[in-house]
Amino acid sequence: MRPGLPAFTIVGLGDAAVREARERVRAAILNAGLEFPLRRVTANLAPADLRKIGPGFDLALACAVLAASGQVPTRSLGARALYAELSLSGELRPCRGVLAVAEATRRAGLDEIVVARAAGREAALVPDLGVAAVAGLAEVVELLRGETVAPELASLPPGPSEPPAGPDLGEVRGQPHAAEGLMIAAAGGHNLLMCGPPGTGKTMLARRLPGILPELTPAEALDVTRIQSIAGLHSGQELTRRRPFRAPHHTISASGLVGGGAPPRPGEVTLAHHGVLFLDELSEFARPALEALRQPLEDGSVTIVRAQRPAVFPARCMLVAATNPCPCGRGEPDCRCSPPDRLRHARKLTGPLLDRMDLVCSVAHPRDDERDLCAPSSASARELVLQARERQLHRSRTGAGACNAQLTGAELALHAPLSSAPMRRLEQTCIRERISMRGRERVRRVARTIADMEGVADITAAHVTRALCFRQDVLRVGEDA
């Protein structure tokens with residue numbers, strides 16, 4: 001701050017929202033009954049080569065101007081972080097990513113973070129960190145001067161409750177094979193593809209998957225809440241306990257699906273982290289978007305490089321997809337599609353993508369003797385899934401993956417060993433059907449999940465055979481492609 005014609009300049013590679021903070025900060029300071037200095041004011045956001053995004057710098061800029069002009073003590077800012085948008089009247093508004101900023105505040109060794117009242121509960125999710133949730137800039141100034149204390153978080157109004165559970169799995173009739181595949185996928189965190197004509201219940205089954213999945217663990221809940229907060233999807237009150245379920249439209253681009261843009265933003269596969277990514281009408285998605293999913297499905301993360309700066313987004317989710325056998329949806333022998341139409345349809349489902357699907361269920365119109373067969377209720381199916389997940393959680397304490405779908409090769413050899421009979425059955429089928437090495441490992445993971453659902457420690461030939469039944473469906477889809 002120096003003498004000269006009155007001006008307020010912000011440097012440090014800020015975006016439009018940061019540059020526009022000049023007018024918001026000036027108006028908020030004046031409308032809060034304070035004085036904006038009539039001097040040349042320059043605010044430097046360091047480091048200068050890192051792009052600054054969003055209106056979350058408003059409160060810190062305003063307090064810096066007030067401290068530089070002697071209206072608040074500078075020492076009161078040393079141990080505090082300030083993160084909020086300012087309105088022209090001086091009110092504090094919540095910003096995206098409050099939870100991530102609060103975690104960074106604790107890592108930086110600061111004692112307190114000042115946020116808007118609506119974001120107070122979200123910032124308080126970080127332990128061992130003081131949170132001052134205030135309503136306006138005037139209250140922040142009183143807090144920095146020591147004239148008042150931050151209001152108790154208990155006085156804040158409660159946030160909205162989580163949405164009720166989804167529809168019940170017991171409403172599904174005539175699809176015992178697909179219902180079993182859905183339960184196996186939920187128990188082991190496996191990828192699932194359902195293939196069949198329209199109207200057979202593929203979407204209906206997928207929509208009931210969240211109801212049989214276990215709740216998020218505390219660590220998973222923190223990860224999901226952080227992602228939703230940054231994306232602007234969190235209510236800003238409590239930790240998210242239910243696993244996310246994302247169902248993007250088939251017109252989505254590759255950047256929208258796996259992330260991208262400038263600056264990089266997370267895609268749907270990241271928003272589904274620790275949850276379910278449902279792709280309905282899989283063959284209608286653009287091929288580049290589907291091919292971009294291959295690496296995240298294998299690694300559980302997405303790395304996007306923009307301006308030589310990598311951004312790593314988590315992407316550990318279950319992929320559940322549904323597709324028709326051909327453009328008309330009838331399939332053999334009633335298909336009315338021309339060969340070029342079938343070829344164009346099949347090219348979307350490439351072999352490498354199908355190889356990453358642990359389970360494939362053929363969903364056909366039920367036979368007369370299956371029409372009245374009801375799937376297990378969501379409550380009973382969830383109990384079975386929880387028991388299987390509990391066994392996997394017990395193994396994870398010894399260093400294995402959190403669920404069977406995440407087991408590495410070494411962990412698979414340790415926790416899913418095969419005796420001579422199951423191994424012989426697997427090798428014979430893999431040689432005959434030309435199943436890849438990745439496919440063999442996925443069969444073993446599914447067999448391990450089936451054994452966990454039955455509560456047995458050893459994988460038998462029957463478990464391998466059942467897992468191969470779902471794998472041979474993959475082969476049939478690949479032959480159609």
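- The closest donor-acceptor contact from the side chain of Ser229 to the backbone of Gly97 lies under 3.5 Å.
- Every residue two or more places apart in sequence or in another chain that forms a side-chain contact (heavy atoms from CB on, under 4.5 Å) with Leu50 is listed here: Pro47, Lys52, Arg309.
- Donor-acceptor pairing under 3.5 Å is lacking for the side chains of His415 and Gln392.
- Residue Arg336 places its CZ atom among 12 or fewer non-hydrogen atoms of other residues, nucleotides or ligands, all under 6.0 Å distant.
- Listed by chain and residue number, nothing satisfies the side chain to side chain donor-acceptor pair (under 3.5 Å) test with Gln387 (two or more places apart in sequence, or in another chain).
- For Ala60, the side-chain contact (heavy atoms from CB on, under 4.5 Å) criterion is met by Leu82, not counting sequence neighbours.
- The side-chain contact (heavy atoms from CB on, under 4.5 Å) search around Pro248 returns Ile252, Leu257, Glu268, Leu277, Leu279, not counting sequence neighbours.
- Without hydrogens or angle criteria, Thr225 side chain to Ala221 main chain gives a donor-acceptor distance under 3.5 Å.
- The nearest pair of heavy atoms linking Ala118 to Pro94 is CB-CG, 3.9 Å.
- Residues satisfying the side chain to side chain donor-acceptor pair (under 3.5 Å) criterion with Arg287, sequence neighbours excluded, are absent altogether.
- Side-chain N/O atoms of Gln175 and Thr200 include no donor and acceptor closer than 3.5 Å.
- Ion pairing between a basic and an acidic side chain is recognised when a charged N comes within 4.0 Å of a carboxylate O; Glu298 and Arg294 show no such pairing.
- Between the side chain of Glu85 and the backbone N or O of Gly56, no donor-acceptor pair lies under 3.5 Å.
- The side-chain hydrogen bond (donor to acceptor under 3.5 Å, both in side chains) test with Asn404 singles out one residue from Glu411, Arg395, Arg442, and that residue is Arg395.
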N/O donor to acceptor pairs below 3.5 angstrom from side-chain atoms of residues 184-198, sequence neighbours left out:
from	atom 1	to	atom 2	distance (Å)
His190	ND1	Asp358	OD2	3.0
His190	NE2	Thr449	OG1	2.7
Asn191	OD1	Leu319	N	3.0
Asn191	ND2	Arg356	O	3.0

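- Identified under the salt bridge (charged side-chain N to carboxylate O under 4.0 Å, His left out) test for residues 175-201, with sequence neighbours left out: Glu180-Arg466.
- Glu281 and Thr323 share no side-chain donor-acceptor pair at under 3.5 Å.
- For Arg440, the CZ atom is densely surrounded, since the number of other residues' heavy atoms within 6.0 Å is greater than 12.
- Every side-chain contact (heavy atoms from CB on, under 4.5 Å) that Pro310 has, sequence neighbours left out, goes to Thr303, Val305.
- Note on residues 167-176: pairs passing salt bridge (charged side-chain N to carboxylate O under 4.0 Å, His left out), not counting sequence neighbours, are Glu171-Arg208.
- A donor-acceptor pair is defined here as one N or O able to donate and one able to accept, closer than 3.5 Å; such a pair exists between the side chain of Ser380 and the backbone of Ser377.
- Here Arg243 pairs with Glu220 under the salt bridge (charged side-chain N to carboxylate O under 4.0 Å, His left out) rule; sequence neighbours left out.
- Legend: residues meeting side chain to side chain donor-acceptor pair (under 3.5 Å) with Ser338, ordered by chain and number and at least two apart, are Asp341.
- Not a single donor-acceptor pair under 3.5 Å links the side chain of Thr105 to the backbone N or O of Ile113.
- Scanning for side chain to side chain donor-acceptor pair (under 3.5 Å) contacts around Ser253 gives an empty result, with sequence neighbours left out.
- Between His250 and Phe285, the angle of the ring planes goes over 60°, which puts this pair in the perpendicular group of the 30/60° scheme.
- By the 4.0 Å N-to-carboxylate-O rule, Glu215 lies too far from Arg241 to be salt-bridged with it.
- Using a 3.5 Å distance cut-off with no hydrogens or angles, the side chains of His463 and Thr460 do pair a donor with an acceptor.
- Between the side chain of Arg382 and the main chain of Leu213, a donor-acceptor pair closer than 3.5 Å is present.
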